[in-house]
Structures are given as C-alpha cells and as structure tokens.
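Shown next, in structure tokens, is the structure this report addresses.
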Amino acid sequence: MAAVDLGASSGRVMAGTVGPSTLALEEVRRFPNGGVRAGPALYWDVLGLYRETLAGIREAGPLDGVGIDSWAVDYGLLDERGALLGNPVHYRDTRTEGVPAQVGAKVSARELYDVTGLQQLPFNTLYQLVAEGDRLDAADTLLLIPDLLTYWLTGEIGAERTNASTTQLYDVRARTWAVDLATRVGIPPRLLPPLRDPGTVVGPARELSGLPVVAVGSHDTASAVAAVPAEPGTNFAYISSGTWSLAGLELTSPELSDAALAANFTNEGGVDGTIRFLRNVMGLWVLSETLRTWSTSDLPGLLAAAAASRGLAAVVDIDAPEFLAPGDMPARIVAACRATGQRPPEGRAAVVRCIVDSLALAHRRAIREAASLSGRAVDVVHIVGGGARNELLCQLTADACGVPVLAGPVEAAALGNVLVQARALGEDLPDLAAMRALVRETHEVRRYEPSGAGDWAAAEARLAGG
C-alpha cells in the first residue's frame with residue numbers, strides 16, 4: 001500500500017508492505033508543507049500537496065491500495081459543480097479571533113461539549129466556518145483535507161469519521177453530524193457530507209489505473225494511535241509527538257464530565273469506534289519556530305547543549321496563546337518568564353532547555369489529568385511520531401510523568417494508515433490488538449526509565465506565580 005501522510009510541516013508518501021510477521025515501510029517521497037502568506041491570510045498550498053501526492057503514489061510502484069491521513073480541522077469548500085472555491089485557510093490564521101465568544105452567545109460551552117466532546121480551540125472547524133460569513137452561500141460541500149484529496153482521486157464525496165470528530169460539528173455519542181448545532185450557529189447542514197468509517201474502500205483512483213483508495217484513520221493522530229505498540233492489558237497513555245503533542249488515553253466511550261470540560265480535554269474518534277481522550281499540547285512547533293528565528297538547522301547540536309544545561313531553570317506554559325502563531329519564539333519565552341517572575345534563559349542552549357522542559361511539563365500535566373478524569377491509572381507512556389527521536393524530550397517526559405516512556409515507532413501514522421488499508425484489502429488483522437501485536441513484532445522501541453531528577457511539582461507552581 002501507499003500511505004500518504006501529510007503533516008503541518010512536511011508530507012510524505014510511504015510504501016508499506018503488510019503480511020504475516022511482516023510490516024515494513026519505505027519512504028518514497030518527502031516534500032515540505034506549511035503556511036503560505038498571501039495578502040492578509042495564511043493558506044495551505046493544497047494543489048501542491050495533491051501534485052506531490054500523485055507523484056509519490058506513482059513512484060511507489062505496483063500497489064494494492066492507497067490511503068491518506070493529515071492534520072485535522074482544515075477544509076476546502078466545493079461549489080455545486082464540485083469545484084474548489086478557494087485555497088484552504090491555515091488553522092493558524094487569525095480570522096477566528098473573537099468567533100468563539102460569538103458562538104458562545106448562541107450555544108453554551110457546556111452544550112457544545114455535551115454534544116461534540118471537543119476541547120475549545122480557537123481554530124476548530126466550527127469557528128472557521130462561522131468566520132467564513134456570507135462566503136458559505138456559494139458553497140455546497142465541505143471536505144476536510146484528506147477527504148478533499150480522496151475526492152480528487154476518486155470523485156467520491158464523503159467524510160471519514162476520525163477527522164470529522166475534530167470539527168466540533170460531530171455528535172460524539174450518536175456518531176452522526178450534529179445538524180441541529182450546525183443550524184443554530186449559522187452553518188448550512190448541506191455542507192456536511194456523508195460519513196464513512198476507517199477501512200471503507202472509497203473507490204478506484206481514476207488517474208492511477210483504478211487503484212483502490214481506502215479511507216483510513218484520516219486524522220493522522222487516529223492512525224498513529226492505532227499503531228501504538230501497547231501490550232495487552234497495560235494501562236498505557238500515548239503522546240503522538242510532532243508539531244503538536246496529542247497526549248491522552250484510549251477509551252471505549254467519551255468522558256463528558258464537567259471536570260473534563262473545565263480541563264479542556266477532547267473526545268475524538270479513533271479506529272474501530274474507540275475514543276481518543278486527549279489534550280492538544282503545543283508540541284515541537286515552538287522549538288521548530290525557534291530554530292527558524294535563529295536561521296539554524298542544528299537541532300542535534302542544540303539538544304546536546306540543552307541536555308548539559310541546568311534543568312527546570314525556567315519554564316513557560318507551552319500551551320499559552322502567545323505561542324500559537326508564527327513568530328519570534330525566543331522573545332516570547334523571555335516575556336513569559338518575566339511575567340511569572342522567573343529569570344529568562346540566557347543563550348541558545350538555555351532557551352532550548354526551557355522549551356523541552358516546558359513541553360515535558362505539559363506532557364505530565366496532560367497525562368496526569370487524563371488519568372484522574374477517566375479514573376484510570378497509567379503505568380507506561382508511549383511516545384510515537386517524530387518526537388520519539390528526541391532523546392532529551394523522551395527522558396524528561398519519563399522524569400516528569402514518573403513512569404517509563406517507550407519511544408517509537410517514529411512513522412506511527414503511516415503504519416496505522418497501512419494497517420487499516422491492509423485489513424480492508426483482506427489481511428487477517430481483526431482488531432487493534434492484532435495490529436499492535438504486528439507493530440511490536442516488527443518494530444523496536446526505546447525504553448526510558450524515570451530518573452527521579454527535577455522538582456516538577458515546584459516547576460508547575462512557578463507557572464502560576466507560586
């Protein structure tokens with residue numbers, strides 16, 4: 001199979017082979033991704049992504065199937081002829097400023113959460129659509145990014161559930177679109193396409209000799225969690241670590257308590273009807289923006305210097321709104337430290353150590369709160385995705401959480417993508433347990449034991465000015 005895995009900073013096409021005791025990936029094509037500033041708005045180059053996707057699939061050679069996963073919430077609007085009305089807007093664009101309060105005047109946060117189970121983030125699809133205003137009058141259908149590319153491949157319109165569940169327009173218990181909610185906030189229900197489950201064979205790719213296109217867990221985190229190599233019966237938490245850190249637990253039903261709402265936890269759909277109970281943590285975005293500000297790519301050297309620096313000398317709330325938009329992260333870190341009465345880091349190594357310490361602290365906060373809210377213990381944390389390569393982050397996360405961290409696989413999203421495809425195409429992988437067993441059999445992970453270093457509770461208190 002070909003797994004098209006589109007991240008916020010890069011995309012890749014992986015050729016995957018699945019069989020008895022076999023699960024292998026080969027990177028066929030990798031290409032940059034990111035926001036494109038044009039006039040007052042920040043867009044995605046979705047046509048460039050489609051061009052690279054087609055090229056990568058063709059380079060992958062003879063295939064039995066293809067599936068596409070990507071980041072969540074962003075979308076394209078089609079007119080009644082099926083033509084794209086404009087480039088999708090990037091979730092980091094500022095157009096939703098003030099929109100959550102506008103929606104809150106019509107639907108309370110408690111009611112929104114009771115229906116959708118979704119955390120309040122200013123870029124949720126619901127808020128983006130409300131920000132469209134009268135432009136929605138020309139639109140006939142909304143397609144999230146993987147569904148849009150799948151439509152261009154097959155001509156079939158639909159919405160895969162794991163990504164649909166991130167829109168704040170999906171009823172997390174009924175597993176249907178929340179049509180009444182959409183109507184109340186002024187979003188035409190006609191925009192919401194038919195839903196499909198991961199593992200559905202959507203149709204043949206018209207430009208690719210009829211290659212079957214399979215709906216996978218099209219939210220990349222859903223695919224990544226499907227490939228977490230957890231042992232049966234373990235109380236595991238996961239962190240899908242990349243531009244964002246998606247940190248939480250896998251549940252069988254949503255957790256919609258007042259406490260979960262207050263803690264801003266989300267309930268997103270997973271493969272096989274599971275619930276991803278998690279919090280979005282700002283992730284490695286802050287570090288990558290810092291490197292961009294410094295015009296350097298020497299991440300290994302900076303991490304080595306940071307590892308030798310004093311730990312927890314200064315920490316920031318990595319999830320604070322000021323770290324969301326592109327910009328000068330080192331300057332923002334200095335300002336945040338001063339605002340909480342801490343001495344700002346001096347020098348690049350100290351800044352990087354502050355970022356990684358702060359991210360590990362946010363991981364600790366999210367995992368501990370997820371365990372408390374769900375009433376479940378956590379014995380081990382699995383880190384998958386690009387952050388599994390970051391040895392300093394993995395060790396500090398183990399220290400902060402006080403439990404072992406198992407790091408890897410790095411390409412978990414692509415693995416989950418091909419596993420769901422393989423099952424749809426006839427491979428004997430009846431459930432998530434079988435998929436995860438195959439990942440364990442074929443991929444090594446690295447174990448990090450908590451060292452007991454660092455007063456993480458005191459660091460947490462500093463963020464509140466304590």
Side-chain angles (χ1 to χ4, degrees), residues 72 113 116-121 161-163 165-166 170 172-173 175 198 217 219-242 244-283 319 359-385 387-388 394 397-398 400-409 412-413 416 431-433 435-437 439-440 445 448 450:
Y113 197 70
T116 69
L118 216 66
Q119 69 188 115
Q120 291 285 0
L121 293 170
R161 290 183 190 275
T162 68
N163 222 351
S165 73
T166 72
Y170 180 85
V172 69
R173 287 181 286 196
R175 301 182 76 241
H219 184 198
D220 51 11
T221 308
S223 280
V225 172
V228 167
E231 292 278 358
T234 56
N235 294 317
F236 74 93
Y238 58 80
I239 301 171
S240 181
S241 175
W244 291 89
S245 283
L246 294 308
L249 307 176
E250 184 175 80
L251 304 181
T252 56
S253 60
E255 173 56 61
L256 302 172
S257 64
D258 289 340
L261 168 62
N264 209 27
F265 267 74
T266 204
N267 295 267
E268 297 172 354
V271 172
D272 289 357
T274 55
I275 294 293
R276 291 175 287 125
F277 183 61
L278 60 87
R279 177 188 284 149
N280 279 43
V281 174
M282 198 70 75
D319 293 324
L359 182 50
L361 190 63
H363 288 168
R364 164 193 163 99
R365 189 162 55 246
I367 296 301
R368 289 194 167 199
E369 286 191 77
S372 175
L373 291 166
S374 64
R376 286 179 46 181
V378 170
D379 303 328
V380 63
V381 175
H382 285 267
I383 296 182
V384 297
C394 292
T397 298
C401 294
V403 297
V405 162
L406 297 179
D431 51 26
L432 284 171
M435 294 181 188
R436 289 167 175 160
V439 177
R440 289 195 306 276
V445 298
Y448 296 82

Practice task
Please report the shortest heavy-atom distance between Leu256 and Gly117, naming the atom on each side.
Solution key: CD2-CA, 3.4 Å

Handout entry: Beyond-backbone contact of Val403 with Pro450, side-chain heavy atoms, under 4.5 angstrom
Key = no

Handout entry: Beyond-backbone contact of Leu373 with Phe277, side-chain heavy atoms, under 4.5 angstrom
Key = yes

Practice task
Hey, could you give me the CZ/OG distance between Phe265 and Ser257, rounded to the nearest 0.5 Å?
Solution key: 10.5 Å

Handout entry: Main-chain N/O of Ala230 paired to Arg440 side chain as donor or acceptor, under 3.5 Å
Key = yes

Problem - Any pair counted as side-chain hydrogen bond (donor to acceptor under 3.5 Å, both in side chains), so long as it reaches residues 226-242, sequence neighbours left out - result: Asn235-Asp379

Exercise for the section: Mind listing the closest non-hydrogen atom pair of Ser223 and Gly217 along with its distance? Expected result: OG-O, 2.7 Å

Fill in the blank from the handout: For Cys394 and Gly387 the tightest heavy-atom approach is SG-O, 3.6 Å

Fill in the blank from the handout: Value for CG (Leu118) from OH (Tyr170), rounded to nearest 0.5 Å, stands at 12.0 Å

Exercise for the section: Ignoring hydrogens and angles, tell me if any N or O in the side chain of Thr266 forms a donor-acceptor pair with the backbone of Gln119 under 3.5 Å. Expected result: yes

Completion exercise
Those residues at least two apart in sequence (or on a different chain) that pass salt bridge (Lys or Arg N to Asp or Glu O under 4.0 Å) with Asp272 are Arg423

Handout entry: Residues in salt bridge (Lys or Arg N to Asp or Glu O under 4.0 Å) contact with Arg368, at least two apart in sequence or another chain
Key = none

Practice task
Only counting residues at least two apart or in another chain, list the ones meeting side-chain contact (heavy atoms from CB on, under 4.5 Å) with Ala222.
Solution key: Thr162, His219, Arg276

Handout entry: Considering all heavy atoms, the nearest Gly385-Ala412 contact
Key = N-CB, 4.4 Å

Exercise for the section: Please name all residues satisfying salt bridge (Lys or Arg N to Asp or Glu O under 4.0 Å) with Glu250, sequence neighbours left out, ordered by chain then number. Expected result: Arg436

Problem - Donor-acceptor contact below 3.5 Å, side chain Asn264 vs main chain Arg279 - result: no

Exercise for the section: Measure the OG-CD1 distance between Ser374 and Ile275 for me, rounded to the nearest 0.5 Å. Expected result: 13.0 Å

Practice task
Start with the C-alpha distance between Thr274 and Thr252, add both sets of side-chain angles, then the distance that settles side-chain contact (heavy atoms from CB on, under 4.5 Å), and finish with yes or no.
Solution key: CA-CA 5 Å; Thr274 55; Thr252 56; over 6 Å; no

Exercise for the section: Answer whether the closest heavy-atom distance between the side chains of Val445 and Pro229 falls below 4.5 Å. Expected result: yes

Handout entry: Single hit among Asn267, Leu261, Leu249 for side chain to side chain contact (heavy atoms under 4.5 Å, CB included) with Glu255
Key = Asn267

Practice task
Look only at the side chain of Arg173 and the backbone of Pro254, and say whether a donor-acceptor pair between them is shorter than 3.5 Å.
Solution key: no

Handout entry: Closest heavy-atom pair and its distance - Gly416, Ala226
Key = CA-CB, 4.5 Å

Exercise for the section: Write down the atom of Val439, the atom of Ala227, and the distance for their closest heavy-atom approach. Expected result: CG1-O, 3.6 Å

Fill in the blank from the handout: OG1 of Thr221 to CH2 of Trp244, rounded to nearest 0.5 Å, is 11.0 Å

Handout entry: Side-chain donor or acceptor of Glu268 paired with backbone N/O of Gly270 under 3.5 Å
Key = no

Handout entry: By salt bridge (Lys or Arg N to Asp or Glu O under 4.0 Å) - contacts of Arg365 (at least two apart)
Key = Asp317, Glu460

Exercise for the section: For the residue pair Val281 and Leu246, establish whether any side-chain heavy-atom pair is separated by less than 4.5 Å. Expected result: no

Problem - Nearest-0.5 Å distance that lies between atom CG in Leu121 and atom CG in Asp319 - result: 9.5 Å

Problem - Pairwise distance CD1(Ile367) to OG(Ser372) - rounded to 0.5 angstrom - result: 13.0 Å

Exercise for the section: Any chance you could lay out the side-chain contact (heavy atoms from CB on, under 4.5 Å) test for Leu359 and Ser245, step after step, and finish with the verdict? Expected result: CA-CA 9 Å; Leu359 182 50; Ser245 283; 3.9 Å; yes

